[in-house]
Amino acid sequence: MNSLAILLFLLLGLFGIGNSLYEDQVGKFDWREQFIGRAKVVHFERGGSKRNIFVATEANVVAALNTRSGHLTWRQIFQRGPPGYIDTLLYNNEDLISVSGGGHFLRSWEPSSGFLRWEVQTTTEMANFKVSEGDASAVFVNNDETPSVVVLAGSNLYVHSLKDGQQVWDQQLPTTTKYKWLYSDGISVYTLGLVPNSHFNLLKYSAVNGALQNKASLQAAWASLQDTSCILVSRLQFVCMDTLTNSLQVASLENINVFSTTPLKTIGLDKHGPNPTLIQLYVPSTERPEFALQLTEDHHALLKMSAGQVTLVKDLPSVWQITGSTQEGSAIVTTASWLSSTKEITFRCYKDGVELSAMKDTVTLAGDHGNPTKMSVLLIEKKSANPGYRVLLETADHALTLINQPGRIAWQREEGLASVAAIEMVELPVSDTEAKFEEEFGGKAQESIGSMFLRRLSTQFAQFQVYLAHLKRRFSHAFLQDPISIQETLKGRSALHKEGGSSDENESLTRDEFSLRKIIIVVSRSGKIFGLDSEDGSLVWTTYLSILQSSDIPGHNQVLLFVRRTTAHFPHPPQCTVTGIHKVSGNTFMYSFNPITGDSFDPVNSDHILPYRAQQASMLALADEEELKILVLLDTDNKVHVYPKQAAGILQDRASSIYIFTGNRSENSLQGYRLASTGQGSRSLSANVIWNVQLPTTDKGIVKLEAKRHTEHVHSQGRVLGDRSVLYKYLNPNLVAVATEGQDASGKGHLSIYLLDVVTGHIVFSIDHKRASSPLFLVHTENWIVYHYWNLRHRRHEMTVLELYEGKVQKNSTVFSSVDPPSAPLVLRQSYIQPSALQSMAVTRTEKGITSSNILLALQSGGILALPKRFLDPRRPLQPTSEEKEEGLIPYLPELPIQHQSIINYNQSVLGIEGLLTSPAGLESTCLLLAYGLDYYFTRVTPSNLFDVLKEDFDYTLITAVLVGLVFAAGVTRKLAANKALNHAWR
C-alpha cells in the first residue's frame, strides 16, 4: 500500500509540470503546410494495396506521397547543400535506396513508414561537392545469393549488401577517365568512362568479388562530356548521340570493338535542334529495345534496337514528354502533348509502335502551369485487353499533378512554393460598405447637402444589413452545424476553404477589424507568383511567368518584389512590381500586378522586357499623382532609369538628395552614387560615383548585407537608465550591416561585421571574430544588430548583440543627417552561447514600435523560439546594482535559455526553413509571422501579450450582469433618496 501511494503521489505530481493547448486552440490562429520541392526521381509503389509514390527532390528530400490525397505519408530531409544532394533513388518493390552527397552516403528506407533500415558511408573522406555535377550513380545487383547495390562515385566503385549495408567489395578506378555509366546483369558489373575527344574505357568486374574480368577501349574522337548524350539500351547495348555528324553511334558491351554509325537522315529524321538528346525509356535489365530521341523541345522520335541497328518506330512531333513503363511483361510507351493556348495535355499510349486509341486521354489543367517537364507512368492491370494507367506529371512551375484514367485530376501539389525568390505581406482592402464611406470624402465640390445626407443614410442602412447577415450566419453556425474536429483541422484548413466549408469563407477577401488577415505574395524561383490567404494558407490566385529567371541558390536571388501602392490609397487599387532577369535576353524583366486579384496592370501585348539590364533597383519614398512609389534603376552602364517614365519630372528638384549604392559579393566592394539632374525629360538623370569602399579581400566575400526596413517605426528615441538619465539611440536610417567571411594567413576562418553609412561611405563600426564561420544569420533594426555564427574554437553556436548610442546628449532630436552626423557612436556589445543551430532568424515588428521586441529563431529541431530582446541586452551585469535592478536588467549568464513554453509552434515542427517574414497587424500588441521554405507556418506573435485586447475567456455575461445590477441599484437608490428628501422637506 505504501508503494502504491508513493506511485500515485508521483503521478499526481507530474500533472503540475505539463504545458499543453486545448484542442480547440490548435489551428485557430495558425496553419502549417508541408512541401517536398521539385521532383528529381519518381517511383510508384507496386503490388497489393500499396498506395505510395516515392519521390527524391532537388531540395534534398526523400518522401512518400499518398496516391489518393497527395498528402505526405512520410518525409526525410537531408542536410542542406552539397552533402545532402540526392544523386539517385532506387526501388525494387522491397528496397528503397537513396544515394546522396556525391555517392558518399548510402541509406536504406522502409518503404511503408520511412524508417531508416541502415546507413553507411562509402568512404571516410568527403569529396569536394558540386551540386550541379551529380557524378554519382547506382544500380541494383540482382543476385539471388547476395542481392546488393553498386555505387559509382567519382573514380570509385562500391558494392554493399541490401540486407545490412555491409560492404561486399570496392574498386579504385583510373582517375584519368571520367566514369559516368553503370550497369549490372547480376553476374558482372560494367562501368563506362570517357576520355574527352579521345575514347571510351570499359571495365567489367565480377559482381561477387570485384575481380576484373575484362578491360577494353573504344575510339570516339567525337565524344565530349558536355555535349555527348549516351544511354544503355536493352542488354549491353550502348548508344550515343554524335552532334558533330548528326548520327547515332552504337556499340555492344559484350564485343566492344568500334561504334556502328547510323545517320539521322537515313532513318527519316532530317529536322532536329542543335543538341538532340537520348532518352532511356526502360532500365536495361528489362531487355526492352525501345528508346527515344528528343530532337527539339516539343519533338521526339521513338527508336528501336534491332540486330545492333537503330530503326525508327514512330516520329512524334508536338510531343513534350515521353516515358516507358512495364507491367507483367507488357510494355507501354506514353507521350504527352501540350497546347499552351488551351492548357490541354493529351496522353497517347503506344505498344510496339501501334497507338492504343482506347488509352488516349485529354486533360485540361486549371491555371497556368507551363509545359510538362517530367512524367512518370504506372500501369494498372485491368480485366480489359488494355491496362489502365496513372500519371504523375511535373510542370515547369514545379507543380506535381496526379492524373487517373480517364483524364481525371486526382490532386495537385504546388511545389513551387518550396523555393521562394521574394515574399511580402499586403493588407486587404476594405469591404464594399466601408468603401462607400470613403467615397463620401471624394465627392464633387458642388454636391448638395441633401444628396450627401441621403448617401450617408443609404450607406448606414447597407452596413446594418451586413451586420444582420453576419449575426444570422454566426448563430446558425453555432446552433445548427457541428464543430470542425481536430483531425479535420490537422488535415489542412486550405482544403476546407477550397471546398467552401462555410459561408464566411466564401466571402471576398476584405480587411478585418484589426488587419489580422492579409494576402501573402510569393514569387517562386520557378517564375510563378502566388497569392495566399493568410487566414488558412489557401491559394487565392496564381500567375506563371515562364520567362522570369531566378537563381537556384537561396539568398542569392535576382528577383525583387516591391509593394508600390497599398490599399490605403482608395480608390486606387494596390499594386506590386516584380523585377528580375529575362531568361533569353538577360535584360531586366518587370511585371506589375494587383496583389489582391493577381490581375496585370501592364498592357495585354506588353513583353515586360526593358532594353537594359539593371544592377540595382530601389523604391523611393516619393510617389506620383496616382500614389505609386517611384522605382529608380541603375543599369550596368551606370545609367539611371525611372519607372514609370512619366515620374522622371518629380525627381528633377530632389535628385541631389537621392543616394543609391551597389555591392559586389565576390570582390568585397561597395560603391555609392548620388543622382544629378542634367536637364528635362525621362533621360535627364545621371548617377555620379561619390564613394568606393574596398573591404579586405576574403575567399567567400560578402555573405550578408542587411539594411533596415523602410517601413519600421521607432517609438522611443532613448533609453531611460536607473539614475533617471537618458541614453539616446543612434538612429541612422542609412546604416547597413555588411558581413564578410574568409580565412586568415594561418588558414583559420574569421567573420567580419561592418556598419556602413551608404550615403557617405563612412564605416561607422567594424568588428572581427577570429576562428568563426557561417552559417551566419543577422537582423538589423532600430539601433541594434544581432547575429548568429559558429565558433570554431569552442565548437558551439554563439550570438552577438551590438547596440549603438549617441550618448546622454542628442545632437538633433528631429532629423538625422548622414552629411552632418553625430560623433562616433557608443557601441555596447556582448556575446552569448546559443544551445541550438538555426535555420533562420528575424525580429518582430509592430505598427507603432511600442511593443517590446522578440528575436524569432527557427531552430534546426523544427521549433520557432520567441526570445525576448531583453535576454540579448549588452548591458546585462554580472552583479546588478540597485539602479540596474530598477531598470529591469537581467543578470548576465553566458547561455541563452530555450524555454519550451516560448516555442510558438508547439508540436507543429517546421523544417527546411529559408526565412522568417514578419508584418505588423492593426493591433499594436500583435505581429504576424510566416516561416517559409519546405514548410510554411503562419501564426500571431504577441511579445508583450495582448495588452490592447480583452482575453477570449473574458466573462461578458458577468460584466453585463454587474452593469445591469449597478444601473438597477442606482435607480432604486435614487428613488429612495428622493423619498427621503421629500419626507425630510415635510417635517
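This is a predicted model, so every value here is computed, not measured.
At a cut-off of 3.5 Å, with distance as the only test, a side-chain donor of Glu924 or Thr851 sits close to an acceptor on the other residue. In this model, a donor atom of one side chain and an acceptor atom of the other lie less than 3.5 Å apart for Glu712 and Thr781. For the residue pair Asp30 and Tyr906, a side-chain donor N or O sits within less than 3.5 Å of a side-chain acceptor on the partner.
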Derivation of the side-chain contact (heavy atoms from CB on, under 4.5 Å) call for Leu872 and Leu896: CA-CA 8 Å; Leu872 286 167; Leu896 294 172; 3.8 Å; yes
For Phe530 and Trp541, run side-chain contact (heavy atoms from CB on, under 4.5 Å): C-alpha distance rounded to whole Å, both residues' side-chain angles, the deciding distance at 0.1 Å, then the answer. CA-CA 6 Å; Phe530 300 87; Trp541 57 266; over 6 Å; no
Verify side-chain contact (heavy atoms from CB on, under 4.5 Å) between Phe871 and Arg876, making sure each step is shown before the conclusion. CA-CA 8 Å; Phe871 283 100; Arg876 287 178 60 179; 4.1 Å; yes
Please determine whether side-chain contact (heavy atoms from CB on, under 4.5 Å) holds for the pair Ile423 and Val523, giving the CA-CA distance in whole Å, both sets of side-chain angles, and the decisive distance to 0.1 Å. CA-CA 6 Å; Ile423 187 168; Val523 183; over 6 Å; no
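Remark: the backbone N or O of Val843 is paired with a side-chain donor or acceptor of Thr918 at under 3.5 angstrom. Formation of a donor-acceptor pair under 3.5 Å by the Asp948 side chain with backbone atoms of Ser925 is found in this model. Within the 3.5 Å criterion, the main-chain N or O of Lys848 finds no donor-acceptor partner in the side chain of His715. For the pair Asp624 (side chain) and Leu628 (backbone), a donor-acceptor distance under 3.5 Å is present. Of the possible polar contacts, one joining the Arg564 side chain to the Lys629 backbone as a donor-acceptor pair under 3.5 Å is found. Ser725 places no side-chain N or O within 3.5 Å of a backbone atom of Leu721 that could act as its donor or acceptor partner. In this structure, the side chain of Asp533 does not engage the main chain of Asp536 through any donor-acceptor pair within 3.5 Å. Side-chain atoms of Asp935 come within 3.5 Å of backbone atoms of Leu911 as a donor-acceptor pair (strictly under, hydrogens ignored). Between the side chain of Arg565 and the backbone N or O of Glu626, at least one donor-acceptor pair lies under 3.5 Å. Not a single donor-acceptor pair under 3.5 Å links the side chain of Asn854 to the backbone N or O of Leu856.
Across all their heavy atoms, Gln839 and Val910 have their closest contact at NE2-O, 3.3 Å. In this structure, Pro943 and Ser852 approach most closely via the heavy-atom pair CB-O, 3.0 Å. Here the closest heavy-atom approach between residue Ser909 and residue Ser861 is recorded as OG-O, 4.3 Å. Considering every non-hydrogen atom in both Asn594 and Pro573, the closest pair reads ND2-CB, 3.7 Å. Looking at every heavy atom in both residues, Ile519 comes nearest to Gly531 through CD1-C, 4.3 Å. The two residues Gly863 and Ile903 have their closest heavy-atom pair at CA-CG2, 4.0 Å.
Surrounding CZ of Phe954 are more than 12 heavy atoms belonging to other residues, nucleotides or ligands, all under 6.0 Å away. Applying the 6.0 Å contact sphere to CZ of Arg870 captures no more than 12 heavy atoms from other residues, nucleotides or ligands.
Here Lys869 pairs with Glu803 in a salt bridge; the nearest charged N to carboxylate O distance falls below 4.0 Å. Taking a cutoff of 4.0 Å between a charged side-chain nitrogen and a carboxylate oxygen, Glu886 and Arg724 qualify as a salt bridge. Salt bridge annotation for Lys518-Asp512: absent, with no cationic side-chain nitrogen under 4.0 angstrom from a carboxylate oxygen. A salt bridge between Arg517 and Glu535 is present, with a side-chain N of the basic residue lying under 4.0 Å from a carboxylate O of the acidic one. A salt bridge is absent between Lys729 and Glu806: the closest approach of a Lys/Arg side-chain nitrogen to an acidic carboxylate oxygen does not fall below 4.0 angstrom.
The shortest side-chain heavy-atom distance between Cys576 and Leu561 falls under the 4.5 Å cut-off. Contact annotation: the side chain of Leu916 never approaches that of Met841 to less than 4.5 Å [non-hydrogen atoms, C-beta and beyond]. Taking 4.5 Å as the limit, every side-chain heavy atom of Leu928 sits out of range of all side-chain heavy atoms of Pro920. For the pair Leu929/Ile864, a side-chain contact is recorded, criterion being any heavy-atom separation below 4.5 Å from C-beta on. Counting only heavy atoms from C-beta outward, the side chains of Pro595 and Ile521 approach each other to under 4.5 Å. Taking the side chain as every heavy atom from C-beta outward, Leu532 and Leu417 approach each other to under 4.5 Å. In this structure the side chain of Gln575 reaches within 4.5 angstrom of the side chain of Thr577, judged on heavy atoms. Counting heavy atoms from C-beta outward, Tyr832 and Val801 have side chains that approach closer than 4.5 Å.
A distance of 6.0 Å or more separates the ring centres of Trp784 and Tyr805.
Once rounded to the nearest 0.5 Å, the distance linking NE2 of His900 with OG of Ser902 reads 10.0 Å. Glu914 CD to Leu934 CG: the interatomic distance, rounded to the nearest 0.5 Å, is 7.0 Å. The distance from atom CG of Leu731 to atom CG of Leu804, rounded to the nearest 0.5 Å, is 9.5 Å. Here OG of Ser515 is found 7.5 Å from CG of Leu428. Values are rounded to the nearest 0.5 Å. If you take CG on Leu946 and CG on Leu923, they are separated by 7.5 Å, rounding to the nearest 0.5 Å. We find the CD1-NE2 distance between Ile850 and His713 to be 10.5 Å, quoted to the nearest 0.5 Å.
Relative ring orientation between Phe35 and Tyr936 is described as perpendicular, the plane-to-plane angle rising above 60° on a 0-90° scale split at 30° and 60°. Ring pair Phe816/Tyr730 is perpendicular by interplanar angle, where above 60° counts as perpendicular and below 30° as parallel.
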